[in-house]
Amino acid sequence: MYKQIINIKTQTPKIIIRTITTTTLTTCITSLQTYANQTNLTQGQKLHSHMIINGFLASPLSVTSLINMYSKCNHIFDAYSVFNMSNEPNVFAYNAIIAGFIYNDMLKPAIRVYEKMRGEGVNVDRYTVPCVVKAFSGAGDVFGLKRVHGLVFKVGVNDDMFVGSSFVHGYLKFGMVEEGYKVFEELPERDVVLWNAMINGYAQIGEVDNALECLRKLRGDGCVMSRFTVTGVLSVLTLKGDVWNGKGVHGLVTKMGYFSGVAVCNALIDMYGKCKSFRDALDIFEVMAVKDIYSWNSIIGVHQQSGDHEGTLKLFDRMLRDGSFCPDLVTVTTVLPACSHLAALRHGKEIHGYMITKGLGNHNGEDRADDTYINNAVMDMYGKCGSMKEAQLVFDHMGGKDSASWNIMIMGYAMQGFGNEALDVFSKMCETNMIPDEVTFVGILSACSHSGLVKKGQEFLSQMKSKYKVIPTVEHYTCVIDMLGRAGLLKEAYGLISEMPIEANSVMWRAFLAACRVHGNGKLAEIAVRKVVELEPEHCGSYVLMSNVYGATGRYEEVFDVRDNMRQQNVKKTLGCSWIEFRDGVHVFGTGDRAHPAEELIYNELRSLYMTMGLSQTT
DNA sequence: GTAGGGTTAG
């Protein structure tokens with residue numbers, strides 16, 4: 001039928017006017033609905049030009065259909081210009097453009113149009129409400145949501161299932177369980193969508209038991225589960241770490257044929273990943289027929305969670321090379337910590353470069369929490385990779401700094417040994433009225449520790465509570481113990497451990513022990529090492545330390561005792577490991593490891609270094 | 001002609 005219409009274009013205008021009838025108009029509209037998907041834009045545009053030529057645009061029906069067609073083809077600006085050109089748009093046109101903006105992830109414009117609609121006195125109906133609710137809840141505007149809810153009773157659409165489920169979803173998203181439940185209770189029936197809104201809503205705010213209770217009731221009601229139910233249930237099981245029932249759902253998914261749903265598979269990948277069943281997650285990813293950006297992001301997340309940072313970077317490269325999916329904010333946030341862990345500066349820089357070209361993390365002027373978060377991750381990466389200059393550049397240029405941004409800079413400078421720079425950042429942080437928190441002081445105290453600023457460090461520790469209202473934790477004391485120990489003030493450090501109001505942990509004793517060994521205090525070292533073993537008997541390093549301490553003071557009998565003890569308790573020494581980023585990738589070396597292809601060259605170089613340093617070779 | 005419920009990072 002539409003072929004006939006398109007052929008009209010080649011005929012003369014006179015014939016067209018005679019040919020166009022109401023039937024043709026209806027056909028145009030029907031065809032527009034067919035073309036309202038992302039692949040048929042050209043056909044839709046052809047119809048649009050016909051409608052212009054033949055004066056169809058006066059029809060409110062065509063306006064709505066065109067808006068819908070352009071929206072679903074992701075040409076929202078064309079949809080909006082059709083809307084703007086129409087004369088006094090009716091409720092259909094308003095609903096279509098609001099829905100269009102939401103379809104294209106533009107929530108704020110959707111809200112603006114809705115407000116215009118109210119201002120113009122166009123009546124809101126049961127189609128308008130679910131869209132607007134979605135926009136308000138998506139934009140985090142709880143007051144907007146409540147205003148619409150008031151309106152719903154006035155308009156008399158409070159019994160509508162679409163309206164009701166959108167509010168259930170909206171309220172639960174804000175953690176307003178009572179309000180959500182009230183809407184749920186007052187609805188005339190309970191369909192699968194409503195149940196899903198309850199299950200997913202509870203899942204999102206972590207109310208696992210309520211979500212599972214809804215699942216039971218849904219089945220008790222004789223409702224048939226849908227794909228949406230499956231993803232909701234999977235996210236609950238993921239939260240519970242319940243891989244056993246997760247496997248059950250996996251079986252059900254296969255049986256019901258839901259496996260063809262991308263989101264269902266993505267949720268399965270996520271569930272297996274978070275439950276540490278990495279093999280199962282990888283298997284699903286490989287056999288999935290259709291993948292989307294979630295699938296990639298999820299599988300990258302699986303590698304990141306399994307601690308396989310190299311694998312994470314390799315997958316990111318695969319994603320870039322493959323070209324089917326553009327890494328987005330989530331991808332970058334997942335991959336950057338892998339660079340930080342590996343101190344893989346080159347990869348980190350590449351990702352940062354990619355972000356700049358794609359405008360990720362930079363929505364000029366719009367204060368987005370996501371932008372702050374991602375820029376913090378970039379700064380952290382540069383800091384951990386030792387490039388404070390770059391970290392500082394990102395910091396200077398980013399808008400919307402939060403306390404984490406300041407803390408990352410302080411910690412970055414501290415770790416690289418730039419104590420005074422760290423303290424400068426701290427002063428500026430206080431000048432901008434940003435309130436320092438626990439993390440800030442961990443940074444400040446490590447800065448003092450790494451740069452030997454003993455007096456300053458002691459001052460900060462005493463001012464923390466009185467001046468900044470932050471109560472020192474074991475981490476803060478550990479920094480100070482470390483600081484005193486490095487400066488050789490062993491007695492002061494020991495005194496602080498005895499006097500402080502909290503119990504010392506193994507990390508603290510370990511830091512103290514290291515200082516005792518460096519400064520050659522065997523007596524205090526013995527006290528420390530006993531504490532370390534007492535607090536962490538399962539940690540292999542404790543025994544190694546103990547035998548080293550006894551060895552250093554010449555007490556070889558004790559050394560044998562410790563080694564014997566280790567054998568009896570079946571404690572094995574885990575291998576030390578280091579890595580370096582060089583040209584084509586990250587190279588990992590274990591203790592005594594001879595697996596590297598350039599092993600001979602490396603060990604020759606090592607031997608000559610030992611010679612230069614006047615040391616005998618020990619490895 | 002217009003509408004509700006889903007999965008990924010921290």
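What you are looking at is a predicted structure, and each value in this text was computed from that prediction instead of being measured. These values consider heavy atoms only, across backbone and side chains, with no hydrogens, waters or symmetry-generated copies. A, B, ... follow the sequence lines: proteins, then strands. Residue 1 opens every chain.
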Going by the angle between their ring planes, with limits at 30° and 60°, are Tyr171(A) and His149(A) parallel, tilted or perpendicular?
tilted
With sequence neighbours left out, what residues match His75(A) under ring-ring contact (aromatic ring centres under 6.0 Å, His included)?
none
I'd like to know if Lys384(A) and Asp380(A) make a salt bridge, using a cut-off of under 4.0 Å between side-chain N and carboxylate O.
yes
Taking the six-membered ring for Trp, are Tyr80(A) and Phe83(A) parallel (under 30°), tilted (30 to 60°) or perpendicular (over 60°)?
parallel
Any Lys/Arg nitrogen of Asp328(A) or Lys358(A) sitting under 4.0 Å from an Asp/Glu carboxylate oxygen of the other?
no
Within the 4.5 Å heavy-atom criterion, are Ser306(A) and Lys276(A) side-chain neighbours or not?
no
Of all nucleotides in DNA chain B with an atom under 4.0 Å from a non-hydrogen atom of chain A, which is the first and which the last going 5' to 3'?
dG1(B) to dG10(B)
Basic-acidic side-chain contact under 4.0 Å: Glu186(A), Lys182(A):
yes
Under 4.0 Å, heavy atom to any atom of DNA chain B: which of residues 260-270 of chain A qualify?
Ala263(A), Val264(A), Asn266(A), Asp270(A)
Does either side chain, that of Ser65(A) or that of Asn68(A), offer a donor lying less than 3.5 Å from an acceptor on the other one?
no
Could you check whether any side-chain N or O of Lys401(A) sits under 3.5 Å from a backbone N or O of Met398(A), counting only pairs where one atom can act as donor and the other as acceptor?
yes
Indicate, with a heavy-atom threshold strictly under 4.0 Å, whether Asn376(A) touches base, sugar-phosphate, or nothing.
nothing
Can you tell if the side chain of Leu329(A) reaches within under 4.5 Å of the side chain of Tyr373(A), non-hydrogen atoms only?
no
Strictly below 4.0 Å, heavy-atom distances to any atom of DNA chain B: list the hits from residues 222-238 of chain A, or just say none.
Ser226(A), Arg227(A), Phe228(A), Thr231(A)
If only atom types and distance count, is the side chain of Ser59(A) paired as donor or acceptor with the main-chain N or O of Ser62(A) below 3.5 Å?
yes
Identify, residue by residue, the members of residues 82-89 of chain A with a heavy atom below 4.0 Å from DNA chain B, and return them in order of residue number, or none.
none
Students often get this wrong, so: under 4.0 angstrom with heavy atoms, is Asp328(A) touching a base, only sugar-phosphate, or nothing?
nothing
Checking all strands, does Asp380(A) fall into the base, sugar-phosphate, or nothing category for heavy-atom contacts under 4.0 angstrom?
nothing
Is it the case that the side chains of Asn84(A) and Ser81(A) hold a donor-acceptor pair, with the cut-off being a distance below 3.5 Å and no angle test?
no
Looking at every strand, decide which applies to Lys274(A) at a 4.0 Å heavy-atom threshold: base, sugar-phosphate, or nothing.
sugar-phosphate
What does Gln33(A) touch in the nucleic acid at a heavy-atom separation under 4.0 angstrom: a base, only the sugar-phosphate, or nothing?
sugar-phosphate
Any cation-pi pair here, Lys72(A) with Tyr103(A), using under 6.0 Å and within 45°?
yes
Check: Ile293(A) and Met319(A) side chains under 4.5 Å, non-hydrogen atoms
yes
Under 3.5 Å side-chain donor-acceptor pair for Ser31(A) and Gln43(A)
no
Using a 4.0 Å cut-off on heavy atoms, which residues in residues 162-176 of chain A reach DNA chain B? List them by number, or say none.
Phe162(A), Ser165(A), His169(A)
For Pro60(A), report the nucleic acid contact type (base, sugar-phosphate, nothing); a contact means any heavy atom under 4.0 Å.
base
Is the shortest distance from a Lys or Arg side-chain nitrogen in Asp270(A) or Lys274(A) to a carboxylate oxygen in the other one below 4.0 Å?
yes
